[in-house]
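To start, the structure under review is shown below, and the notes come after it.
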Amino acid sequence: MQLSPEQEQIINHENGHAKVIAVAGAGKTTTLALFIQRRLQMGQNPRRLLVIMYNKSAQLDFSSKLSALIPNTQLPQVRTFHALGLKIYNSLISEGILRQFKEELISQSEQEYILWRLLQEHANKQTALEILQDKKKWLDPMMSFMENVKASLEPAELVFKQTGLPKNCAFFAKVFDAYENWRKEHGRIGFSDMLYDPCQVFSARPDVAARFSNHMDWVLVDEYQDINPIQQFLLQTLAGTRSQVVVIGDPDQTIYEFRGSSAQFMLKHFDEHFNDVHRYTLSTTFRYGHDVALLSNQLILQNKQREDVICVAGDNNPDSHVSVHQHIDYAQQTLVIIKKAIIDRPLEDIAVLLRLWGMSAPLELALLQEDIPYQMSHQSWVLQRMELQPIMMLLEIAAGTFIERKERNRYQSWLTFLTFPAMKIKRADLQIVARNLAACGREVMPVFSQLTLPDLSKWQSQQLENRLSIVKLALNKRMMGFQLANCYIRETDFYKGVSDSAFSKQQVDDRLATVQGFVRFIARLNLPAGQTYQYLQELAQKRANQTNRQGIVLSSIHRAKGLQWPVVILPGLTSHFYPYQSEGELQTSASIESERRLFYVAMTRCIEQLHFITPTNDPSLGSPMAASQEISDFIQSMAITDILKVKAMWQQGGGDLKLSRRILKSVQKYLDKLKWPVKISAKALEKPDLKTVSKINRNSVQESVTSLELVEHSKFGKGRIKQETTRHWHILFDDGQLRVLDKEIASAMLRWL
């Protein structure tokens with residue numbers, strides 16, 4: 001095995017604490033295994049060496065690699081943080097410090113049920129009704145809040161103040177305490193309690209913590225960038241003053257802040273606690289080629305909170321190909337790419353990575369339409385999602401099959417239709433109406449005046465009649481499927497209703513993306529409502545026949561961390577999703593850096609092909625971009641057109657290359673590291689223009705990126721050109737204003753920087 005000089009340095013590290021910054025695909029697990037091999041060859045007692053991996057999968061993979069590398073030898077402990085916590089937990093039980101727990105861990109479904117019940121008990125009456133009506137809306141943030149509390153040693157009330165959750169969620173802290181009381185009364189623990197309970201003891205009882213300290217000569221921690229406060233506390237406790245601690249990770253890949261992780265542990269806190277730290281880097285990736293390395297560097301170097309490390313591609317890496325596609329419909333463009341890619345490779349080689357799950361809706365339907373299997377983790381497929389159920393019910397009524405359901409199922413559908421979006425009518429009253437409607441038998445929609453209604457005000461009765469009148473549209477044989485869906489959305493003020501009822505902006509965007517993608521799909525079908533439902537049922541049957549472990553991979557970027565695929569597709573690259581603004585407040589520089597790290601992780605999952613899909617402002621490809629459909633700043637800031645010239649110039653034998661000023665730094669660092677004979681200089685000041693990267697033959701869709709040039713206006717000052725049309729420049733000035741300037745008038749007032 002040929003090792004790089006950087007790897008040899010780390011393997012030969014002999015004494016003291018060490019921090020290793022390893023870029024994506026740098027072979028860190030191999031380096032870690034070889035480091036352990038050398039320690040054992042030098043006589044290290046394996047019982048005094050502890051390896052901590054981030055999750056069970058990583059632990060099993062590393063243990064297997066270690067056994068293959070060092071056969072017939074006693075190996076050190078390789079544990080996850082939680083397995084380590086469980087071992088300590090059992091020791092504390094044997095000492096009588098912690099109580100014995102029941103062997104069966106609390107499952108996620110059981111935990112959700114208990115929390116749902118406790119949420120209703122501790123909320124005010126109105127909120128309790130909302131929780132009953134929209135379980136997911138409240139459970140998701142409560143589960144996230146609990147995870148944050150158990151990732152720290154702080155009281156629930158203090159953690160709540162730090163989360164930024166709205167005031168009407170203040171009762172979450174009481175729910176957390178009630179859950180903990182229930183857990184202790186029943187002698188139960190969940191996954192996070194393996195760490196939480198022992199660390200609570202260590203925090204309250206330093207004498208107990210001391211008995212678990214200073215047993216190891218070496219403690220090695222993989223994926224250290226993902227560590228949270230309670231894991232850091234446990235690491236410090238176990239290490240004590242004796243252990244030499246080696247951590248390995250990449251702060252540029254810290255993407256689990258919502259779980260308590262922070263890049264600051266690697267950037268700052270490790271050095272503060274463990275003195276005289278040796279710093280090493282693994283800066284060569286063995287995953288992808290120079291174009292992806294150059295682009296990812298250009299992106300991540302814009303972050304301030306990072307180590308000064310630049311990633312370079314290994315000499316024998318695949319020659320990764322980068323394509324930028326502009327299309328009005330990212331799902332259709334993704335399908336074009338997939339159909340081309342699967343001609344000569346298995347489906348599982350292709351991954352589509354998404355910022356929000358709702359973005360998958362039109363793509364799932366398009367894949368089913370083309371009989372292309374796909375797999376998703378921990379997410380219901382599109383036609384099962386709650387926000388689509390009222391529309392699906394209307395389409396089913398149009399198909400004439402709704403009355404074939406059992407009465408109980410009809411009741412549940414009617415209740416969903418009447419309560420989502422919410423009307424200002426008590427749920428108990430709507431339950432009465434739903435029961436009446438479900439009992440109608442062969443008559444789907446009776447005359448409104450013939451219904452047995454609860455005691456409603458005149459205004460409430462009108463609201464109810466308006467909602468039910470939509471059902472009559474479904475009985476119109478001439479009604480098209482997409483028309484029926486749009487009528488429902490319009491008449492119920494659906495988008496506002498979703499916004500009002502959702503707990504967070506992310507919930508709103510997820511649901512709206514699902515509904516909008518679904519409606520676009522059935523609009524392309526252009527079938528009558530009844531036939532639309534029948535067609536969707538055919539797709540549902542196709543999905544039922546698929547196994548969720550085979551096919552194209554659809555994944556959130558967070559779940560893609562640590563994985564890689566030959567082909568990676570990143571669709572929907574708009575300013576709305578990248579950087580994603582999860583709440584209604586202005587984004588801070590820290591939150592944008594976090595989003596940039598997430599996009600960096602997404603890019604660096606690829607091996608052979610990386611496809612960016614951006615919106616278009618080409619009228620021939622659809623309507624002009626709305627504000628929410630502008631190309632992501634992340635794409636524009638990479639100056640892809642210029643970056644792709646660098647490797648091409650090197651392959652031609654070197655020469656002089658003029659590049660945009662904003663990418664000189666990252667490119668020069670790369671050239672210096674590899675000693676490529678390419679000289680670069682700043683471009684001559686020139687008017688920005690829409691530059692074509694390449695063209696794809698299918699559908700004659702341009703793949704292009706807009707230059708993001710710096711300019712200075714004689715009146716408005718400095719700014720960046722965000723978008724260019726034939727007649728106008730859209731410029732974001734430093735005062736925060738986005739101004740649309742006529743080229744003929746403004747050209748004399750602009751200076752290109």
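Remember, it's a predicted structure, so these values are computed and weren't measured experimentally.
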Is any side-chain heavy atom of Q108 closer than 4.5 Å to a side-chain heavy atom of F191? no
Side-chain heavy atoms of L238 within contact of I88, under 4.5 Å: yes
Counting only heavy atoms not in D276 (residues, nucleotides, ligands), do more than 12 fall under 6.0 Å from its CG? no
Test side-chain hydrogen bond (donor to acceptor under 3.5 Å, both in side chains) on D61 and S64; report intermediate values, then the result. CA-CA 5 Å; D61 288 346; S64 177; over 6 Å; no
Considering only NZ, NE, NH1 and NH2 on the basic side and carboxylate oxygens on the acidic side, decide whether E121 and R117 come within less than 4.0 Å. yes
SB check D252 R597 (cutoff 4.0 Å): no
Candidate pair M142 and V175, rule side-chain contact (heavy atoms from CB on, under 4.5 Å), full reasoning: CA-CA 9 Å; M142 180 64 224; V175 172; 3.8 Å; yes
Using side-chain heavy atoms (C-beta onward) and a distance below 4.5 Å, is Q375 in contact with L554? no
Taken to the nearest 0.5 Å, the spacing of Y280 OH from I248 CD1 works out to 12.0 Å
Apply the salt bridge (charged side-chain N to carboxylate O under 4.0 Å, His left out) test between D217 and each candidate in R47, R48, R242, R39; give the one that qualifies. R242
Plane angle bin for F176 and Y196 - parallel if under 30°, tilted between 30 and 60°, otherwise perpendicular: perpendicular
Taking the side chain as everything from C-beta on, heavy atoms only, tell me whether F270 gets closer than 4.5 Å to V247. yes
Below 4.5 Å, heavy atoms only, C-beta onward: do L40 and P76 meet side chain to side chain? yes
Evaluate the criterion side-chain hydrogen bond (donor to acceptor under 3.5 Å, both in side chains) for residue pair E154 and Q162; output intermediate values, then yes/no. CA-CA 10 Å; E154 304 289 353; Q162 297 167 349; 5.4 Å; no
Decide yes or no on side-chain hydrogen bond (donor to acceptor under 3.5 Å, both in side chains) for S107 and S109, but give the supporting numbers first. CA-CA 5 Å; S107 66; S109 59; 3.2 Å; yes
When you measure from the centre of the six-membered ring of Y256, is the NZ or CZ of R259 under 6.0 Å away and within 45° of the axis? yes
When you compare the side chains of Y578 and D633, does any donor N or O come within less than 3.5 Å of an acceptor on the partner? no
Which is it for Q59 and T80 under the side-chain hydrogen bond (donor to acceptor under 3.5 Å, both in side chains) test, yes or no, and what are the steps along the way? CA-CA 7 Å; Q59 181 250 327; T80 64; 5.9 Å; no
Run the numbers on Y54 and F81 for ring-ring contact (aromatic ring centres under 6.0 Å, His included), then give the verdict. CA-CA 7 Å; Y54 184 70; F81 269 107; 8.2 Å; no
Contact check, side chains of L84 and L50, non-hydrogen atoms, under 4.5 Å: yes
Whether over 12 other heavy atoms sit under 6.0 Å from F258 CZ: yes
Side chain to side chain, F171 and T127, heavy atoms closer than 4.5 Å: yes
Would a distance-only check, ignoring hydrogens and angles, find a side-chain to backbone donor-acceptor pair under 3.5 Å from R188 to K184? no
Quick one: do E180 and R183 make a salt bridge, cutoff under 4.0 Å? yes
